[in-house]
Protein chains: 2
Amino acid sequence: MRQKAVRVNINDVAAVAGVSKQTVSRVINDRPDVSPETRKRVKEVIEQVGYRPSALARSLTSKRSYTLGVVIAGLKYIGPSTLLNGITSTAEEAGYCLILKELPSFVYDDIEPIFEELISRQVDGIIWGVSEVGENRKRLKKLLFDQKIPLVYLTMEPKKHITVITENNYSGARLAVTHLLEQGYQRVGFLSGPLEWWEARQRFKAWKDVMSEAGMEIQDTQWVTGNWSSASGAVSMKKLLEQYPEMDSIFVANDQMALGAMQVIHEKGKRIPEDIGVVGFDNIPESAYFWPALTTIQQDQGRVARVAVEELIKIIESGWKGLDPVDPHSILLEPTLVVRRSSSRFQD
Amino acid sequence: MRQKAVRVNINDVAAVAGVSKQTVSRVINDRPDVSPETRKRVKEVIEQVGYRPSALARSLTSKRSYTLGVVIAGLKYIGPSTLLNGITSTAEEAGYCLILKELPSFVYDDIEPIFEELISRQVDGIIWGVSEVGENRKRLKKLLFDQKIPLVYLTMEPKKHITVITENNYSGARLAVTHLLEQGYQRVGFLSGPLEWWEARQRFKAWKDVMSEAGMEIQDTQWVTGNWSSASGAVSMKKLLEQYPEMDSIFVANDQMALGAMQVIHEKGKRIPEDIGVVGFDNIPESAYFWPALTTIQQDQGRVARVAVEELIKIIESGWKGLDPVDPHSILLEPTLVVRRSSSRFQD
DNA sequence: CTGAAAGCGCTAACAT
DNA sequence: ATGTTAGCGCTTTCAG
């Protein structure tokens, strides 16, 4: 006598409770039209036999999976993983499950299979959490032209007819450069991220704008680019120190590169902030413990994530309830400046 | 005339191709018993009408979802997110999709709903990627006693009858302490992680063992604990410097705390590595750019993830194919020592 | 308030 | 090599 390991299903519950499976269905869906006694009995049976509805079967018939697809890249970096952290907790609270897809790289092009897989698993909506890099949105646009699945984008240039949630990189970077000028620094260099990245371009533009608004002409010797890593920060900083020896301060486009840059400054025997002031971007948890502690721009990725999931669910559920469709719109969140010792030239 | 946005399904394809849906099913599953001409025709129709099979429906009937459940905690930290990064890419290559569940904290206790949700979505197997902390495995064990779903655990004490993939924290920490002694340091302090963590206990034990094997008696003044964060590293280091002023070197249980500790050492005007040698643990990417560059223990979380997914899929697929069941077993991966300046007292 | 019938989109197990 | 029948476990629709 072999014990078949079959899970209890709705029919079993119905049989034991002596009702039809529709009634069981009504109970598990909290529908009103069940008499209190029946409901109670069914619930007891459910408890007793350990019945758990199959989310799969429910999704198949009801066309709602309560599942969101999340597409992301670079999970091993702090930005994307913090973002994902915020997405998981907000989705969980709202009762949604997550299917995760990580692209092999930021500029990965073959995204059609990704979408098809998510759609074939009937996700109710998609969060596109891959930063805008190079042309990596182009195929996306084409692909989604006739897709009508709810979709929210993160970290890209806000555009008409789509929903984008992002930090305002431009205004954040303006805070950084303005702060250095206010501290009395005059010759502010710039260590940029790769300019294929939208975020990097925004930060670059802010540096240029603030400097020229302050009456300084930007030279090409006054900035260099890295690839966001500490290693590249070190390499690029060496180069910049050579080509712009008068530099008295620097805005670095992320904290990791700032760390590499600071190591080089130490090695050259210069003092931070006395000889060179440094401001980073992102406020990673470690930056408060750099030597010296790093002034930086605080991005609240958790908030981006939360808002994104909330917006996505709004779009999804307005569709279900036959409400007016939610108009596509973008939300820009404002970063803040965190002042620490690396830019505080005139403090004790 | 309203355009109903119904996706093309297997019946539509069958109708257009003039075959039964069974034949279409055979084609999309690459079954052998279809004539080449029929196969070709069906494929053409599929292409032409843009048919994509519903993964949901397939899972429901076939009892295989090609989906893995991943349970993890602390995604905003570098360890878990690197782990997840490795899991996504290995699963993707193997043709499996991921459902992600992040616990609100490492010692979260209410894990039953998590499992039920994963099982109700018919995952083929589960990766439990939450480090062993306090009693957070106790309920798990009870819960899974009669569950027969394939399951692989990460980062915990290997035990009989289950499959565990983990770094060997003990041997890694031995490398660290031994290295300091070999460099000629004598009074090696220890900055521990929270001892509720299995990993922390392993590293602690290694420090004690190596020191006593070298003939030194451990005093309680010679070590302190932090909570893995840089902030706690700074606080605890201050305390340790006071209670153990003769200390000439320190093994810190992770790189983040080492960063905080180093900031404090600088502030006290001591030199690294001349006055105090420092060794960390994890080899986070930034550690090579600390000031000075940090000697540390390299954990290959990517490899842990890869092995874990591969083992899980082996278990799953051996079940499908009716092969001999894979015996539960554990795999310990060996970390390595990365020497940098923070512990190199006798180098230029 | 409850139930019967139909079907979601697919595959398994038999036919032929 | 192909088709038929019967589901998977649930919800929807309609009847009563």
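Residue numbers start from 1 in every chain, and the chains themselves are labelled A, B, ... in the order their sequence lines are given, proteins ahead of strands. As a basis for the values below, the full set of heavy atoms in this structure was taken, side chains included, without hydrogen atoms, waters or symmetry mates.
- Side-chain proximity of T23(A) to the nucleotides dG3(D), dC8(D), dT2(C) is greatest for dT2(C).
- Every residue was checked against the salt bridge (Lys or Arg N to Asp or Glu O under 4.0 Å) condition with E310(B), not counting sequence neighbours, and none meets it.
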task = Using a 4.0 Å cut-off on protein heavy atoms (strictly under), produce a 5'-to-3' string for nucleotides 10-16 of chain D with B for base contact, S for backbone-only sugar-phosphate contact, and - for none.
result = BBB----
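- Residue pairs meeting the side-chain hydrogen bond (donor to acceptor under 3.5 Å, both in side chains) criterion with at least one partner in residues 42-57 of chain B, sequence neighbours excluded, are E116(A)-R52(B), K40(B)-E44(B).
- For the segment residues 34-50 of chain B, no residue has any heavy atom less than 4.0 angstrom from an atom of DNA chain C.
- The rotation axes computed at either terminus of the helix from dC1(C)-dG16(D) to dT16(C)-dA1(D) lie 40° apart, taking five pairs at each end and rounding to 10 degrees.
- The distance between atom NZ of K63(A) and atom P of dG7(C), rounded to the nearest whole Å, is 13 Å.
- When only modelled atom types and interatomic distance are considered, R121(A) and S65(B) share no side-chain donor-acceptor pair under 3.5 Å.
- Straight-line distance from the CG atom of L60(B) to the C1' atom of dC8(D): 4 Å, rounded to whole Å.
- Screening residues 105-115 of chain A for side-chain hydrogen bond (donor to acceptor under 3.5 Å, both in side chains), with sequence neighbours left out, gives no hits.
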Check: residues 300-309 of chain A side-chain donor-acceptor pairs under 3.5 Å, at least two apart:
from    : atom 1 : to      : atom 2 : distance (Å)
D300(A) : OD1    : G302(A) : N      : 3.3
D300(A) : OD1    : R303(A) : N      : 3.1

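- For residues 55-67 of chain B, no residue pair satisfies the salt bridge (Lys or Arg N to Asp or Glu O under 4.0 Å) rule, not counting sequence neighbours.
- Spacing between atom CD of Q122(B) and atom P of dT11(C) amounts to 14 Å, rounded to whole angstrom units.
- Every residue was checked against the side chain to side chain donor-acceptor pair (under 3.5 Å) condition with T166(A), not counting sequence neighbours, and none meets it.
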Could you tabulate the donor-acceptor pairs under 3.5 Å formed by side-chain atoms of residues 127-134 of chain B, not counting sequence neighbours?
from    : atom 1 : to      : atom 2 : distance (Å)
S131(B) : OG     : E199(B) : OE1    : 3.1
E132(B) : OE1    : E157(B) : N      : 3.0

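- Contacts classified as salt bridge (Lys or Arg N to Asp or Glu O under 4.0 Å) and involving residues 83-98 of chain B (residues at least two apart or in different chains) are given here: K101(A)-E92(B).
- Annotation: ring-ring contact (aromatic ring centres under 6.0 Å, His included) contacts involving residues 80-106 of chain A, sequence neighbours excluded, comprise Y66(A)-Y96(A), F106(A)-W197(A).
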